[in-house]
Visitor: 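There's a structure below that I have some questions on.
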Amino acid sequence: MANETGIGAAVKRKEDARFITGTGRYTDDIGAHGQTYAVFARSPHARAKLNGLDASAALATEGVVAVFTGADLQADGIGDLPCGWTVHSKDGEPMVVPAHPPIAVDKVNYVGEPYAVVIGESLEAAKNGAEALEADFEELPAVVDLASAASADQIHENVPNNQTYDWELGDKAATDAAFAQAHHVSSLEIVNNRLIPNAIEPRAALGEYDAASGLYTLHTTSQNPHLERLVLAAFVQIAPEARLRVISPDVGGGFGSKIFVYAEETAVIWAAGKLRRPVKWRAERSESFLADAHGRDHVTKAELALAEDGTFLGLRVKTLANMGAYLSTFASSVPTYLYGTLMAGQYKTPAIYVEVQSLFTNTAPVDAYRGAGRPEATYVVERIVETAAREMGIDAAELRRRNFIAPSDFPYETPVALTYDTGDYEASLAKALEHADYAGFGARKAASEAAGKKRGIGFSCYIEACGLAPSQVAISLGAGVGLFEVGEVRVDVTGSVTVVTGSHSHGQSHETTFAQIISEKLGVPFENVTVLHGDTGRSDYALGTYGSRSLAVGGSALIKAIDKIIAKGKKIAAHMLEAQEEQVDFADGTFTVADSNQSLTFPEVAFAAYVPANYPLEELEPGLSEKAFYDPPNFTYPAGAHICEVEIDPATGVVDITSFVAVDDFGHIVNPMIVEGQVHGGLAQGIGQALLEHGVYDETGQLVSGSYMDYTMPRADDLPSFTVDTTVTPCTHNPLGVKGCGEAGAIGSTAAVMNAVTNALGVASVPMPATPETVWRAAQA
Amino acid sequence: MEQSGEYTVSASRERVWEALNDPEVLERCVEGCRSMTVTGEGEFEAVVAAKVGPVKATFTAAIELQDVVAPESYRLQVGVKGGAAGFAKGSAAVQLAECSRDETRLTYHIEGSIGGKLAQIGSRLVQAAARKMAASFFERFAVDIGRSQGV
Amino acid sequence: MYQFNYHRPASLDEAASLMAGADDGTYLSGGMTLIPTLKQRLAAPSDVIDLGGIGALSGITDNGNTISVGAMTRHAEVAASNAIPALADLAGQIGDAHVRNRGTIGGSIANSDPAADYPAAVVALDSTIHTTERSIAGGDFFQGLFETALDEGEIITSVEFTKPTSAAYAKFPNPASRYAVVGVFVARCGDATCVGVTGAGPCAFRWSELEAELAKSFSASAVANAALDHSEFNADIHASAEFRGNLVRVMAERAVASLT
Amino acid sequence: MEISITVNGRSEALDVPDNALLADVLRERLGLTGTHVGCDTSQCGACVVHMDGAAVKSCTVLAGQANGAEVTTIEGIGNPDNLHPMQAAFRENHALQCGFCTPGMIMSAIDLVQKADGQLDEGDVRDGLEGNLCRCTGYHNIVKAVLAAQDDMKSA
């Protein structure tokens, strides 16, 4: 009998009970007795010297408790916000890192950078105080344009040419040689637009300090509270980890933007200690736009060399990546190891050379946003492949097929440092073509044309490296932290189970899927499993949620802990049943002795472990609680085929997505309902990037798309219903055979949409996002 | 944001030039101007209550006359601080050409930018609002000087 | 928000006297523009005078040849009405459902946002704005960017629209805010056709060149013959002046086509 | 300023500042934190509640404007043992992930269905939800849930 709440079942979510009744508990829903309110004074200038700050009027404002400046934090020994991944330039030198004080000290470098924090008895008082601050700014010319940033004014004293590093990957000589013998070379200039993550819950923090114990507690909207704690302890130096507890309660979406350690929670927890009063901060959306780390923002030139039959010979990519004004927590890794390493895509391109120059500008810091590097890589590869197909007159699906890495090629070592373990790209594409009715496209196009519309179809066969880990690989490439995960299974006396995981759920549904794994493996009723996460006071150190890693790494750690529980349970059962340990089997929640009718239920064994009357105490500790750390040997490689069909109204430039098909290979799936949901959400963000979303700074560095009045979020009426399907090649190296599904939608879809738009218009490229005016202009040409 | 315009003013070029340097005239011609104080040679400070739809804020503007070529041209450099609303800065290059003894052609070219909250949430209105303010100033100026000439 | 005194008068007289007595008062109708502005601290009125308590200002009356829409009538109510279908259609395209449940016709018109929808209908239909002081012809009401013929303290009480023979509104919404990038209202009143355009200029205006062409031949193809100077049109990150010019034409074509 | 409002069937007399917003009164004075605040320009819809039978953005309603009104929040439409059909449909169709937009989305959807008299198709639902942003679901399952709830609400 299949377990109806086990692995593979579309179990309804445990989380929903509270969310649909309004009883979720997000950071801003939590208050502390006697709390004060923090408001950050933010620079209105993109670049300026801060020659002075007169806080006297602010301090005299009714209800203002304190005003703290960057100098106050420095005087208290508060350190800079670090970047956790050291990338080396071509010449072997480590990246150049500018100082990044949480609160600006004598200069500001982007609009929205905090230069003081005002604490008030009420939010209104703190706002009044912030307005009463008199800052003496001396404006300097802002560096905004990425393409010319290297030759613009130097933003940071220690960073010549505004360049943090000039990185390369791949074999330049071999790639040049490949191009020398090419029959055809396609080239493309690409701008990957800046995105603003916009989790619907704005960031928030509540800092508390208990003078009696010296313990700091920070409630905040973090995807990885342990990382937050580590940085606050080791770099910012608030307090040792043991006196610092970070809790991420319900978090309303992250998409990467809540991985990072920001100025605000740093200042809030510090101020709570300073004032010995709780301090609360919640971003207004206008602040989120300015001060959350943004995503993407590349300028790229890509060239693909092909043989006469369409075989890929070489790929050359040169990218400028915008870091914004400072290096955010993982910013350096995004356009390098999460980007350049994916340039092989699903293809056997033998020679690849990637160069990335990462530059500072006077804009908000740019860091990982859903997909992080892999959407950018997919966009480059899949746009240039589609371009080559069109230029060579080869069907776009066929050209891909000719170059796919075949199932027999695995494990496959790419020229850009990855070893793919498994996959079947042809299978996904075939299924997608069928769903998309590719054969019927011509007739649909003709019908559109008859109605004065332009119809196009576009493909994207993406691959990603996720399940982020393995630690040793990441550390050898510059990561400053390990990337393992922890899983703990606490079997209760009565046999119910509490799982504690270091992964954090902010939409991903860990409370459900992790309970399914327990239900499947231990036979414990689904409703008797509780999953705890998001609290450094509860779980061991682990790295949290990003890079589609929760199930592949955190779930695998859980499996290892479950294995330990079963092993110990067998020992206990063997003792109780007076059998040899090797004779005991465990399945469907029951320990049985082979070739006998003797058995014990899982709760019976658990009870015996905690009430050890009949128990081998001399050999075995009492209790039934195990944890395991898991560090995988390789990344996982989800891949898939996305096909987008659009119809364009050439009179207005409006692009209508008439169908979107995504066929993904995530390996084994624990909960297909949840996986589909993850894909839907990713697709919406990828489509949003292609057609709607754009973080726009004007030439003086003002963010002019700084609210929902101008930043176009995908809405229900902007999107179609999606056709989503899967193929399965199980991951070969983790115990669940899972690959991760959180980012795939955002990674694959953007290129498919833009390939469809350019196909419809019959042009080589259209700037992204393909807004109505952009498309209208292209349609006029 | 850039913008140009042209007015024919019924006054001699000398008279127009004088008016363009007269803080009292400037005060009358800036909509919502509460005060215009001379702070130095060719420098003024204006307090302006500006209203664009529901947005209503009192700004302090520092005005400086640069590149003065009497009575032909100058550049009016303006820096505006608007507290919570943000800031604005810009310059208006103004040129006067004699059409006849009592008619002068005034041309202006404005460059400006805004920052802070206004830029962040009001970008859709910036160009239209700037156009309106510039037009309002030069229209009032033309009328004012006409009136003072008894036209 | 800064602090202010909130008032909810029960009559127009009381509202006017509250306004007269306030240092810097502002009327509040639906609040869809004013409240976000206050939240951003972009205005600091001493007194907010909520017209929501004056029952007489709400509701739609069919007078036969005309309809009167009370100033405090919500967009949703107009959208659900049927006396002038094109007006209902326009109201149903304003903002989103929640904006339509709160926003009012009087508030929208008094604000004269360049991208508001109602002004296109006010200038295209034969309309009269009734206020506490007088009646103003719809064509004279909008005077510029956020500028109307209203005097300080004057309150719109109702908007009266003459029923057209037929009419249509075509809108190109701003993809982010759902304001009108461009909206064109075409109204046929007997032989005459009036075309109101919103979103393109500092305030709504009549496109008289198109009206003349449509008088010659009422067809979508007439749009191409009508002169339109877009050089001074609004421009922002969503649409340049040139693109707005194109959209005015396309929306006009679509509105006319739907009436032929 | 004294106001009296009926929230989820319970009348409340409150002394609030003149510049208080309905959303803040609900969250901070009445502890009804299911109503969320996700933006400051009245677009995201996380704060939607029903006021006198219509869905409104409670972050854009002054407390004074709600004086005398009947307000229903997400906490007032059902509980885990007795879910509103819309709540049940959201769960059944996996129409939520992080849950932050969900209360506003559900309140909007209920108003949409109630006003539509059971006639909504997919396009109507998509149009009708344009005032509610969701960053997680891509709306696909929300649309499914609302259509399913429409049937359930008809038969209920």
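Atom set for the values below is all heavy atoms of this structure, side chains included, hydrogens, waters and symmetry mates excluded. Below, chains carry the letters A, B, ... as their sequence lines are ordered, and counting in each starts from 1.
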Visitor: If you define the side chain from C-beta out and look only at heavy atoms, does anything of C:Met32 sit under 4.5 Å from D:Ser42?
Guide: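 No, side chains not in contact.
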
Visitor: Side-chain contact, heavy-atom cut-off 4.5 Å: D:Leu62 with C:Phe4?
Guide: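 Yes; the side chains approach each other to less than 4.5 Å.
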
Visitor: Look at C:Val48, C:Leu28, C:Ile35 and state which one has the largest set of heavy-atom pairs under 4.5 Å with chain D.
Guide: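 Among C:Val48, C:Leu28, C:Ile35, the one with the most close pairs to chain D is C:Ile35.
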
Visitor: Hey, which of D:Gly128, D:Pro17, D:Ala54 has the most heavy atom pairs under 4.5 Å with chain C?
Guide: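 Among the listed options, the one with the most contacts to chain C is D:Ala54.
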
Visitor: Could you tell me the separation between the CG atom of D:Asn19 and the OH atom of C:Tyr2, rounded to the nearest 0.5 Å?
Guide: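 Result: 12.0 Å between the selected atoms.
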
Visitor: Could you state the interatomic distance from CD (C:Gln3) to CG (D:Asp18), rounded to the nearest 0.5 Å?
Guide: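 Taking CD in C:Gln3 and CG in D:Asp18, the distance rounds to 8.5 Å.
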
Visitor: Is C:Asp50 in contact with chain D via its backbone, its side chain, both, or neither, using a 4.5 Å heavy-atom distance?
Guide: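 For C:Asp50, the contact with chain D is made by the side chain alone.
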
Visitor: Do you know which of D:Lys57, D:Gln65, D:Met51, D:Lys115 has the most heavy-atom pairs with chain C at a distance under 4.5 angstrom?
Guide: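 Of the candidates given, the most pairs with chain C belong to D:Gln65.
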
Visitor: Would you check if D:Thr60 and C:Arg102 make a side-chain contact, meaning some heavy-atom pair closer than 4.5 Å?
Guide: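 With C-beta onward as the side chain, the pair stays apart.
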
Visitor: Identify which part of C:Thr37 has an atom lying under 4.5 Å from any heavy atom of chain D, answering side chain, backbone, both or neither.
Guide: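 Neither part, no heavy atoms under 4.5 Å.
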
Visitor: Can you name the closest pair of heavy atoms from D:Cys39 and C:Lys39 and give their distance?
Guide: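 Between these two residues, the closest heavy atoms are O-NZ, 4.4 Å.
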
Visitor: Given that the side chain runs from C-beta out, which part of D:Val56 has a heavy atom under 4.5 Å from chain C: side chain, backbone, both or neither?
Guide: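 Both parts, backbone and side chain.
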
Visitor: Please state whether the side chain, the backbone, both or neither of C:Arg74 comes within less than 4.5 Å of a heavy atom of chain D.
Guide: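 No part of C:Arg74 comes within 4.5 Å of chain D.
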
Visitor: For the candidates D:Leu21, D:Asp111, D:Asp127, which exhibits the highest count of non-hydrogen atom pairs separated by less than 4.5 Å from chain C?
Guide: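 Looking at each option in turn, the highest pair count goes to D:Leu21.
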
Visitor: For C:Leu34, is it the side chain, the backbone, both, or neither that has a heavy atom closer than 4.5 Å to a heavy atom of chain D?
Guide: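 Contact with chain D involves no heavy atom of C:Leu34 at all.
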
Visitor: Taking side chain as everything from C-beta outward and backbone as N, CA, C, O, which of these in D:Leu129 sits under 4.5 Å from a heavy atom of chain C? Side chain, backbone, both or neither.
Guide: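 Interface part for D:Leu129: neither.
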
Visitor: Once rounded to the nearest 0.5 Å, what's the spacing between atom NE2 of C:His98 and atom CE of D:Met107?
Guide: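 Spacing of NE2 (C:His98) from CE (D:Met107) equals 10.0 Å.
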
